[in-house]
Amino acid sequence: EPTMYGEILSPNYPQAYPNEVVKTWDIEVPEGFGIHLYFTHLDVELSENCAYDSVQIISGGIEEERLCGQRTSKSPNSPIVEEFQFPYNRLQVVFTSDFSNEERFTGFAAYYTAVDVNECTDFTDVPCSHFCNNFIGGYFCSCPPEYFLHDDMRNCGVNCSGDVFTALIGEIASPNYPNPYPENSRCEYQIRLQEGFRLVLTIRREDFDVEPADSEGNCHDSLTFAAKNQQFGPYCGNGFPGPLTIKTQSKTLDIVFQTDLTGQNKGWKLRYHGDPIPCPKEISANSIWEPEKAKYVFRDVVKITCVDGFEVVEGNVGSTSFYSTCQSNGQWSNSRLECQPVDCGVPEPIENGKVEDPEDTIFGSVIHYTCEEPYYYMEQEEGGEYHCAANGSWVNDQLGVELPKCIPVCGVPTEPFRVQQR
Amino acid sequence: IFGGYATKIQSFPWQVYFESPRGGGALINEYWVLTAAHVVEGNSDPVMYVGSTLLKIEQLRNAQRLITERVIIHPGWKQEDDLNARTNFDNDIALVQLKDPVKMGPTVAPICLPETSSDYNPSEGDLGLISGWGRTEKRTNVIQLRGAKLPVTSLEKCKQVKEENPKARSNDYVFTDNMICAGEKGVDSCEGDSGGAFALPVPNVKDPKFYVAGLVSWGKKCGTYGIYTKVKNYVDWILKTMQENSGPKKD
């Protein structure tokens, strides 16, 4: 158990210490304290580098001191003949004697006490990023206004994360821009656009001033963009080193601005906008797109009108046009619809006549009706030629959609009446 | 038919057989039969056939039976109680509308109607054809269709024929411009031929083609001259009647 103080005496003290002895004391005081170790008596055989008999003081596996010989107090008012201050709370003291103590050296008497360590000043490495506060047995870090102490209780940063940008156009800047950005911070921003848009970033060179990279090219302060399967950066330096326009293929972007303890640069500012996803312009000889554009993008609506003789069929209903919308996935709605030739279908039969089996019944096809000759004739002299019209009807130049009529031939006997001669 | 010959329906494909009373008619299109008023007088549902030369049952079974939609007698025809004493046959014309269209073919075809031009005015000497299953010199009626060729003559000739009907006096008979007189000695239509067509060749056509100039109407004595209803005078009525009754049928 750690103690606040203690006594260490060499074997047989104050009698002569025995030969060939190695004794070790592990000293431990509470965390946050150092150790004040002092000797009130030291009488160990002297040798070069204390090679025969010695008192070693070891801290962290490193020999801090090796003592031998005799010491006397340098101050008449103090019994202390040797003393040490260690800023650590653990020490090891090892006493070693060789095979002879013919002169009967008496060894040592030493005491230790726990002493406060000023963590803020006693070490080369500063323990706090900003303000260090020492107290007995420990220390704590504190931060300037508008900074907060990180979970490591050592570093201060600013609360700059969490902003989520959803507008289609926007501007984002580092904290305090154009004034120097805070050190030791990690700012995370998110851009989350709706479906159908892809993010485009624009950064002017003069709007970027971040602590330059070190001699090995590492950015201690950096700006990084992460889109879906893409990363841009990290960027640092005076003047933006990346492309002035970054076109992502994503509707979301994570921005990370990381700063270290040093650096007093002004930061950065960027603009972004959502670029609507384009839909392919599908050229079709059978349809007309309105409005006609060189490029169609998300949310564009076009009216697709079939040219004469073509129609779009949905279920059993045919129409001459339909609307299509450029969707968020870059595909047109109603893309399964297409203008196809009007099909006039099987021509209707007529009484006392027939229609030849048509090779085809689509727009432009031609059929012929005939009457059962010689007993019927077609009422219209032009004959029974019909073509499949754009409205899906079989149309005759004279009759329109009306079917031809087969009229009985009148007054013609099959066999003339013969008067039998008497 | 007096003075005629047995013939085939192919020579008179417009000939319609009226079963009772036996008579004839002329098919003028798919839905209409022209006949004499006195054939259908008092008979709103006559039984008719077309396409058969012979009036045997098996032949008629294969012929087309015509079903009457309505009978329309000319409004100028005067009804009389004693049919045998009738002396006025003016406007002896009627139309029978059929329920179903007649299918035309080698044995069934309509006869043309006269047109309005003067070419269709029957002139003395014009040779026409009559046909029917009516009385002959030897029989009251016949099974096989008979036909005859006979000329148009003056109405005066018909007036001069001596009357045989004891119930009618010669001077009682009415002769009008709606009548054609045709025939020659021994060639005539007779009882049972009424309503049949008196067919004249269509003028100015090369191939044989006939129109219905007259309908067998009446005569004082068979085998002399006979009176035929002059169809040309009724073309307007015929066309108007057909048009007025050509609307959709009521089931």
Side-chain angles (χ1 to χ4, degrees), chain A residues 344-358 361 366-386 389 391-422, chain B residues 1 3-15 26-32 34 50-51 53 100-115 120 127-131 145-150 186-187 197 199-203 205-213:
Chain A
C344 288
V346 177
E348 287 185 45
I350 58 169
E351 293 285 341
N352 306 311
K354 63 180 180 181
V355 59
E356 65 197 28
D357 283 338
T361 58
V366 175
I367 57 170
H368 291 92
Y369 283 96
T370 55
C371 291
E372 295 172 10
E373 293 179 337
Y375 310 110
Y376 293 88
Y377 70 95
M378 196 164 287
E379 190 174 28
Q380 295 74 30
E381 291 182 358
E382 291 297 317
E385 182 173 297
Y386 284 69
N391 64 358
S393 302
W394 292 104
V395 175
N396 176 265
D397 289 343
Q398 281 187 321
L399 295 177
V401 297
E402 190 181 332
L403 292 174
K405 284 182 183 149
C406 290
I407 306 295
V409 173
C410 70
V412 180
T414 315
E415 296 178 17
F417 175 65
R418 296 188 190 285
V419 176
Q420 296 170 19
Q421 298 297 317
R422 288 174 175 168
Chain B
I1 301 291
Y5 306 94
T7 186
K8 295 199 292 185
I9 195 71
Q10 285 86 341
S11 298
F12 299 92
W14 49 80
Q15 179 72 40
L27 188 68
I28 56 173
N29 62 32
E30 292 170 293
Y31 280 100
W32 292 92
L34 197 58
V50 289
T53 300
D100 305 306
V102 177
K103 183 64 183 174
M104 308 303 175
T107 60
V108 182
I111 188 167
C112 307
L113 285 173
E115 295 182 10
Y120 288 84
L127 284 174
L129 301 175
I130 55 172
S131 56
L145 183 66
R146 297 181 74 84
K149 194 176 216 177
L150 68 172
V187 183
L200 283 176
V202 171
V205 296
K206 189 177 174 184
D207 297 325
K209 188 172 182 180
F210 295 89
Y211 73 94
V212 56

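Keep in mind the model is a prediction, meaning the values are calculated, not measured. In what follows, every heavy atom counts, from backbone to side chain, and hydrogens, waters and symmetry copies are set aside.
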Top contributor to chain B interface from A/Pro374, A/Pro416, A/Gly411, A/Pro408 [non-hydrogen pairs under 4.5 Å]:
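Among the listed options, the one with the most contacts to chain B is A/Gly411.
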
What part of B/Val212 lies closer than 4.5 angstrom to a heavy atom of chain A: side chain, backbone, both or neither?
neither

With only heavy atoms counted, which part of B/Pro13 is less than 4.5 Å from chain A, the side chain, the backbone, both or neither?
side chain

How close do [X] and [Y] get, counting heavy atoms only, and between which atoms?
X	Y	answer
B/Lys209	A/Cys410	CE-O, 3.3 Å
A/Pro413	B/Trp14	CD-CZ3, 4.2 Å
B/Ala148	A/Phe417	N-CZ, 3.5 Å

Is it the side chain or the backbone of [X] that comes within 4.5 Å of chain B heavy atoms, both, or neither?
X	value
A/Glu372	side chain
A/Val412	both
A/Tyr376	side chain

In Å and rounded to the nearest 0.5 Å, what is the SG to CE distance from A/Cys371 to B/Met104?
12.5 Å

Can you tell me how far apart CD1 (B/Ile9) and CD (A/Glu415) are? Round to the nearest 0.5 Å.
11.0 Å

Applying side-chain contact (heavy atoms from CB on, under 4.5 Å) to B/Lys103 and A/Asn352, what does each step give before you reach the verdict?
CA-CA 8 Å; B/Lys103 183 64 183 174; A/Asn352 306 311; 2.7 Å; yes

Please check if atom [atom1] in [X] has more than 12 non-hydrogen atoms from other residues, nucleotides or ligands closer than 6.0 Å.
X	atom1	result
B/Lys149	NZ	no
A/Glu351	CD	no
A/Glu379	CD	yes

